[in-house]
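Remember, it's a predicted structure, so these values are computed and weren't measured experimentally.
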Amino acid sequence: MITISGVDLNMIANNLEPYRPIHPGEILKDEIEYRGISQKRLAAAMEMPYTQLNEILNGKRPVNTEFALLIEAALDLPAESLLKMQARYNMMVTKRNAKFIDKLSKIHKIAAML
């Protein structure tokens, strides 16, 4: 536990992780619904298959660089922010993967012997 002036840094609001990782597609889905844009219309404007857009918005596919740039052009949302959200989501999901955590633990033990 790291503290500054007696405050646990993990308890500061900016350092808290949500209970459930939020895929950036969920945020985009809310945004396009708020703007009253249909997914089919947006997919057509971005010249991509509707099913691909729908899968991203439902968190079944990751946001990649190309998609982020298309969203930036279509909705004027910063591509870099979307990519950072995806990276954070990926990190949170991976950190909560028990098999991966076990693998990391084994690697730490081996590395400690080097």
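For the atom pair Ile71 CD1 and Ser81 OG, the distance stands at 13.0 Å (nearest 0.5 Å). To the nearest 0.5 Å, the span separating CG on Leu42 from CG on Asn54 amounts to 11.5 Å. A distance of 11.0 Å separates CD of Glu33 from OG of Ser38, quoted to the nearest 0.5 Å. The CE atom of Met91 sits 12.5 Å away from atom CD of Gln86, with the distance rounded to the nearest 0.5 Å.
More than 12 heavy atoms of other shown residues, nucleotides or ligands fall within 6.0 angstrom of atom CD in Glu31. Atom CG of Asp102 sits in a crowded spot, with more than 12 heavy atoms from other residues, nucleotides or ligands closer than 6.0 Å.
Side-chain contact between Leu28 and Leu77: present, with at least one pair of heavy atoms (C-beta onward) separated by less than 4.5 Å. By the 4.5 Å heavy-atom criterion applied to side chains, Leu82 and Met85 are counted as neighbours. Using a 4.5 Å cut-off on side-chain heavy atoms (C-beta onward), Lys103 and Ile107 make contact. A heavy-atom distance below 4.5 Å is not found between the side chains of Glu26 and Leu57. Tyr89 is not listed as a side-chain neighbour of Met92, based on a closest heavy-atom distance of 4.5 Å or more. When side chains are defined from C-beta on, Ile37 counts as touching Leu75, because their heavy atoms get closer than 4.5 Å. Looking only at side-chain heavy atoms (C-beta outward), Glu72 and Leu69 come within less than 4.5 Å of each other. Side-chain contact between Phe67 and Met48: present, with at least one pair of heavy atoms (C-beta onward) separated by less than 4.5 Å.
Residues satisfying the salt bridge (Lys or Arg N to Asp or Glu O under 4.0 Å) test with Lys109, not counting sequence neighbours, are none.
Under a 3.5 Å cut-off, the side chain of Thr94 and the backbone N or O of Asn90 do form a donor-acceptor pair. No donor-acceptor pair closer than 3.5 Å links the side chain of Asn58 to the backbone N or O of Lys60.
Scanning all heavy atoms of the two residues, the minimum distance from Ala68 to Ala79 falls at O-CB, 3.5 Å. The minimum heavy-atom distance between Tyr50 and Lys40, with the atom names listed, is CD1-CG, 3.5 Å.
At a threshold of 4.0 Å, the pair Glu55-Arg61 counts as salt-bridged, since one of the basic side-chain nitrogens sits closer than that to a carboxylate oxygen.
Linking ILVMFWY side-chain heavy atoms closer than 4.5 Å, directly or via other members, places Val63 and Ile22 in a single hydrophobic cluster.
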